[in-house]
Amino acid sequence: MLDTSIAPDRDARILRGDVLDLVQDPGFAAPDEGAGPRYRVDHLVLLAGGRIQAVLPASESLPPEWRGVPIEDHRGRLILPGFIDTHVHCPQLDVIASFGTELLDWLNTYTFPAERRYADPQVSYQGAERFLRALWSHGTTSAVVFPTVHKVSAEALFRRAADAGMRLITGKVLMNRHAPEGLLDDVDQAERDCLDLIDRWHGRDRQAFAVTVQFAPCSTLEQLAMAGRLCQHHGGVYMQTHVAENRDEVRWVAELFPDARSYLDVYDRDGLIGPRAVRAHGIWLDDDDRAVLREHGAQIAHSPSSNLFLGSGLFNWRQAEDAGVAVSLASDVGGGTSLSMLRTMHDAYKIQALQGQRLTAWKALYTATRGAARHLGLDDEIGRVEPGLMADLTIWDLAVGEVARHRDSLASSLHERVFAWMTLGDDRNLVSTLVAGQTRYRRPG
Ligand SMILES: [Zn+2]
């Protein structure tokens, strides 16, 4: 369908390639049994005004006003919606791939010392720049991001993402205990900082504020109550935190909050769980917790690479979805070892395989695109290659290198090809990334 009311502007362009997106949730059905992909071989994607204007078979003639608009020829390549990473830490690029610890030691040994440097505005701005470029160079065009406790670290991300027209959800981290000096805020100042960021950034362009609790052990009851008030009084803000990642962490929370029924209950009592809440991990939850998440429409950001690297545990995706809990996919860098959502998907496959489940390429792709968009309430903006949605797109080679090309040549179905891409591919397969119709990454050479 072409919205002819929007004529091509000066930035208009057309991409030609094989358009692949997942419109429906395939669930845990076999590749050829559940909802399949929408696969449009050799199509044109018409872009103008930062949005997708039309998707047409290349064999059809272009509308008259689009004739003469440059066509980028990517025949044989995949054109996908940009990936949505629902949980990732900007400052932790500084500590990605750090050896030898589990969660609580890892925070104290590597993460907190690195995060202290972000008090310096120059470090925050350079870090935001490096981080967003890194997301784009891995095919991620939208993200839910943790900065640090410093207001300037959130400010830097908002500013840089807004300059690029990127969809970004973030907010100053709340943390007023159990962290070193230089990483602690106080309740009143933190509230003022959050209110100022909400006022200036929430709903501006594609920026959205998230009430960002590091995790329950790092906030006092007073601070958690303040965070709950922010969520209640500012409709439309997101909320992000961690929950039940590691067993020692769960035991510690039980000691710190003896009145709470469970770790998740600490958040529930302060009104920190709602449809716009994103909780990373959720490995060690019980049936009652899953029922709470379902009732509130809150999502778990499953972070498989991080869970494997830090030895946190095996998230049972099927169990969560059977209980009605929304699940998205996240890199969780720097606990995670790659910003690549392809790597994240194949780590998710392995975690489910260890539990006797099979994650299809369709389910993985759906979750990293339209599924996340739906769970974040952004379905009319991102997640599909559809007229009217933002032109957040990625272009991929299915196979790079001799082994992958050989494997691809032997594949007998689309799922087999795409699954091999998901398993063998990484950022080398990415040809280019567009954010709001602008090229933000192009593969060298
Ligand atoms: Zn995290």
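Whatever order the structure lists them in is the order used to number ligands and atoms, beginning at 1. Here the structure is a predicted model, which means the values were calculated and not measured.
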Salt-bridge contact Lys172-Asp185 (side-chain N to carboxylate O under 4.0 Å):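 Salt bridge between Lys172 and Asp185, a charged N being under 4.0 Å from a carboxylate O: yes.
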Check this for me, if you would: do Asp427 and Arg443 make a salt bridge, where the nitrogen-to-carboxylate-oxygen distance has to be below 4.0 angstrom?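 Answer for the salt bridge query: no.
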Output, by chain and residue number, all protein N/O/S atoms separated from the Zn ion (ligand 1) by less than 2.8 Å.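 Atoms qualifying: His87 NE2, His89 NE2, His242 NE2, Asp332 OD1.
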Which residue pairs pass the side-chain hydrogen bond (donor to acceptor under 3.5 Å, both in side chains) test with at least one member in residues 100-109, sequence neighbours excluded?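 Checked against side-chain hydrogen bond (donor to acceptor under 3.5 Å, both in side chains) - neighbours excluded - the pairs reaching residues 100-109 are Glu102-Asn246.
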Answer yes or no for Arg204 and Trp201: cation-pi contact, defined as NZ/CZ to six-membered ring centre under 6.0 Å and angle to ring axis within 45°.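 Flagged: Arg204 positioned over aromatic ring of Trp201.
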Got a sec, which pairs hit ring-ring contact (aromatic ring centres under 6.0 Å, His included) with one end in residues 308-349, sequence neighbours left out?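 ring-ring contact (aromatic ring centres under 6.0 Å, His included) check on residues 308-349 returns Phe28-Trp317, His302-Phe315, His302-Trp317, Tyr349-Phe419.
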Residues in side-chain hydrogen bond (donor to acceptor under 3.5 Å, both in side chains) with Thr111, at least two apart?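 With neighbours one apart ignored, the set is empty.
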